[in-house]
Amino acid sequence: MGIDRQMPLMHSTIKQYYCKKSKQGTFPQKTNKNNKFTMKTLLVYPPFLDQRMDTEDIMAPPIGMYYVGATLLERGHEVKILNWFNMPKGPNAFMQAVKEEQPDIIGFSMLHANRWGAIDMAKEAKQAHPDITIICGGVGATFLWQHLLTHFPQIDYVITGEGEYAFAQLLGLMEQDRTSELDKIRGLAFRKNGRPFHTGPPSPVQDLDLLPNPARYFQYNHVISSRGCPWSCSFCGSPRFWGRKVRFHSPKYFVDQLETLYKKGISFFYVSDDTFTIKKERVIQICQDIIERKLLITWQAISRVGYVDEEILYWMRKAGCIQISYGVESGSPKIRQRLNKKLKDTDIERAFSLTRRYGILPRAYFIYGCPGETDTTVEETLKLISKIRPLSIIFYILDIFPGTTLYEEFKKKSGLTDDIWLQRIEDIMYFETDPQLTHEMVLSFGQTLRKNYFAKLHEFAQDIDLVEKEDLYPLHADFLSRLGMTFSHGDYSRNPHVKDKDKVAEMLFKRALTYYPNERAYLGLAILKQKAGKHQEAIGILSEAVHHYPGSEQLNTCLAISHMNLGDFQKAIGHLEAFSHSQNALQYLARCYAAIGRKDKERECLERLNSKQL
C-alpha cells in the first residue's frame, strides 16, 4: 500500500471537522461551555494479534492514554477512552462505537503487539468516515513512525515519545486552522509534500507534577510515579522512549492520585515504574503518606535487585505492597552480559531473600532463547532459581522489537528494513535469527524451565523465613494466606506440575493463623476440611473465625454449608439469615427451608432470588 498523495490536502480543509459529512451521515457541530469549538477524541487501546498465557501485564491501557486524555479535557476537548483489549470483538463492534461516539479524532495507543489492531481499526474508521483524523502514539508508533506513514494512508499523524503536550498542541492548531505551523510541534510526524516528515525529537516533560492528574477524570489501577530508565538492556525500548534520565512525580502528587482513585472504589494498584525503588527516600515518603492517609490499598511494583534494602521493604509492606517483580532474565552471567543486564548473583539472592522475609511475594522475570543459550545455560538458570526461590515466575522467549539494541543489530546483520513489519506479526523471535538455535530447542528450554520450577515450588513455599517484627505479624498472616489461596484455589491449584497443593495450602493457612486471626486463612483452611469431608473440623475452625469476624458473609456461609452437610439446617439458617440480601445466601436459605419443610419460607427466598436476578 503506497502513500495517499491526497492526504496533505486535508490540512487546508480543516473547517470540515466542525460539521462533517460521512457515509454514516453528518456529525453535529460541538462546542464547550464557552461556546468554543471542541474536538471530540476517542482514545483506543487496540486488540492484539496473538492470544497470551498471561495477560496481567498487558490487559490494561498504558497510563499515557489517561495523561493524554486528562490534558485534552483540561483544554476543553471531549475525550473517551476505549480499552478494546477486553471489549466484545464482533465484526462491526468498533464501527458501532465510532457511530455512537461521533469522534473528530481517533487516537490509537500502539504497542508493537497491537500494531495491526490499530492499523485495521484505523482503516475501518477512515473508510466509513474519511474526515476523521487518525493519530497514533505509544512505543510501537514512536519507533516505526516513518514505516506507518509510508505504508498506511489511513494514519494521518504519529506522535513520538511522550504525547501529552504534542497531542494537545496538534488539536489546538487544527481547531484554529493553523496546520501550516505543524513544524513547531516537537515529536510530531506527518506527511509533508507527500513524504513522511518528523519535526524532531520530543522534549521530555521535565516537571511531571505540571501534568493534570488523570485520576480526576478516569478510573484505572495501573499507575506510574516516574518516567525514565538509567539502564540500557539490549531487549528493552524503555530508555529510548522515556530517556535514561529518570524524572519523578513528587510523593504528594502520586499519593494524591492514589487517594483520588481509592475514593472512587479502587483499592488494588500496579505501580508501573521501570524501577520504583530507585530513589529510596522518595519511596519511603510515598509509603508513609499512604499510611498517614489511611489508604487501605494493596499494590505491586517493579524494581531492580540492587535497589532494595530492609528499610525500604519494611515501609513498602506497611503501605500495602504485596508483590515486587525483578528482571533477572537468566542464571547465566554470560547471557546477562550479552543482554546488557548488569546484575550480580549476590544482589539477586539478597533481593529475593529480603523481599520474601518482609512478606512481599518476590516475582522473577526470566528470558530464554537468548544469544548463546544452551542446555548448560538453562541449567545455570535452574540453579539460580533454586537459590533465590521465587514464589512466582514469568518466563518469556526473547523477542526483538523496534527501539532496542537487538533490533538495530538484527537489521544490520540481516540487511532487512522496517518493511518486515508489513507482515502480520507481533514480533520477531530472536531464535529465528540465530542459526545456533531452533524452534524445537527453544520449546524444549521453556518446557524444562517451567516443569522444573513448578516441581520445586512446593518446597519454596514451605521454606519461608519471615522477619520477626510484631507490627508486621498481621501482614505476615495476610501474605501467607494469599499464597495459600494460590495453591488451593488460584493458578497453582490448576498446574499439573505443582506438587502437594492442598498440603502446602493447609500448612500456609495454619502458619498464617499463628501470626494473626486472618479471615482468608480461616476460610481457606475450612474449605480444605470441607473438601476432605471433615465438616466437624471445618465447623470448629469457622466457629472460631466468626468470633473474630461476625459480619463476614463468606465465613458464615461456609459455616452454614458444613452444618447443612451434617443435617443441622436450623444452625445453618442462623448463620445465613443476616445475609438474606445476598443471592448466594438466599440460595442456601431456600435449600435449608425446603429441608425442614418450611415451603412458605422457601418460596419467599426463591421469589426474592428471582427478583434479584431480574
Side-chain angles (χ1 to χ4, degrees), residues 4 6-46 61 64-84 94-110 118-119 121-138 141 148-149 152-159 163-182 185 188-191 212 217-218:
D4 183 351
Q6 298 301 313
M7 201 59 66
L9 297 178
M10 183 180 63
H11 304 323
S12 62
T13 57
I14 207 71
K15 293 176 184 176
Q16 296 174 10
Y17 284 103
Y18 304 118
C19 186
K20 55 188 187 182
K21 295 182 179 179
S22 72
K23 296 177 184 178
Q24 300 294 331
T26 301
F27 286 174
Q29 186 175 16
K30 295 181 282 290
T31 60
N32 63 17
K33 62 183 179 181
N34 297 317
N35 288 322
K36 292 183 178 180
F37 291 130
T38 64
M39 307 198 78
K40 185 168 186 178
T41 300
L42 205 58
L43 298 177
V44 181
Y45 184 48
M65 291 182 70
Y66 297 104
Y67 277 96
V68 168
T71 303
L72 297 182
L73 283 165
E74 294 214 342
R75 298 195 182 197
H77 301 291
E78 294 182 64
V79 178
K80 185 167 185 178
I81 293 177
L82 293 181
N83 180 2
W84 217 256
F94 177 62
M95 289 314 302
Q96 182 60 36
V98 172
K99 181 179 179 181
E100 291 172 2
E101 299 299 331
Q102 300 184 10
D104 302 289
I105 312 289
I106 301 179
F108 291 100
S109 180
M110 188 183 285
I119 291 168
M121 294 166 89
K123 185 176 181 179
E124 274 191 285
K126 261 306 190 192
Q127 286 176 341
H129 306 285
D131 294 328
I132 286 179
T133 296
I134 303 295
I135 303 173
C136 291
L148 294 170
L149 292 172
F152 303 104
Q154 64 265 41
I155 298 173
D156 299 310
Y157 299 97
V158 174
I159 293 175
E164 293 90 355
Y165 293 149
F167 207 124
Q169 290 165 2
L170 173 59
L171 266 59
L173 291 180
M174 290 171 66
E175 279 185 313
Q176 300 168 43
D177 196 14
R178 293 167 53 200
T179 53
S180 60
E181 302 175 33
L182 291 175
I185 302 174
L188 180 65
F190 54 95
R191 297 180 187 86
Y217 307 102
F218 306 106

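What you see is a predicted model; the values in this text were computed from it and never measured.
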Pairwise side-chain contact, [X] with [Y], heavy-atom cut-off 4.5 Å (strictly under):
X	Y	result
Met121	Ile106	no
His129	Met95	yes
Met174	Ile105	yes
Leu182	Leu170	yes
Thr179	Phe190	no
Leu72	Met39	no
Leu171	Ile135	yes
Val98	Ile132	yes

Once rounded to the nearest 0.5 Å, what's the spacing between atom [atom1] of [X] and atom [atom2] of [Y]?
X	Y	atom1	atom2	answer
Ile155	Lys123	CD1	NZ	12.0 Å
His77	Asp104	NE2	CG	10.0 Å
Arg75	Tyr165	CZ	OH	7.5 Å
Tyr157	Arg191	OH	CZ	10.0 Å
Tyr217	Leu73	OH	CG	6.5 Å
Glu101	Lys40	CD	NZ	4.5 Å

Testing the basics here: between [X] and [Y], what is the closest heavy-atom pair and its distance to 0.1 Å?
X	Y	answer
Leu43	Val79	CD1-CG1, 3.9 Å
Phe94	Ala125	CE2-CB, 4.3 Å
Ala168	Thr71	CB-CG2, 4.0 Å
Ala122	Ile134	CB-CG2, 3.8 Å
Val158	Ala141	CG1-O, 3.6 Å
Ser109	Pro46	O-CD, 3.1 Å

Any residue meeting ring-ring contact (aromatic ring centres under 6.0 Å, His included) with Phe218, in chain and number order, not counting sequence neighbours:
Tyr66
Taking only residues two or more places apart in sequence or in another chain, which ones pass ring-ring contact (aromatic ring centres under 6.0 Å, His included) with Phe108?
none
Please identify each residue that fulfils side chain to side chain donor-acceptor pair (under 3.5 Å) with Glu164, with sequence neighbours left out.
Arg227
Residues in side chain to side chain donor-acceptor pair (under 3.5 Å) contact with Gln96, at least two apart in sequence or another chain
Glu100
Applying salt bridge (charged side-chain N to carboxylate O under 4.0 Å, His left out), can you list everything that pairs with Glu74, at least two apart in sequence or on another chain?
Arg216
In chain order, what residues pass the side chain to side chain contact (heavy atoms under 4.5 Å, CB included) check against Ala166, with sequence neighbours excluded?
Ile159, Ile185
Does Leu148 form a side-chain contact (heavy atoms from CB on, under 4.5 Å) with Met110? I'd like the steps, not just the answer.
CA-CA 11 Å; Leu148 294 170; Met110 188 183 285; 3.7 Å; yes
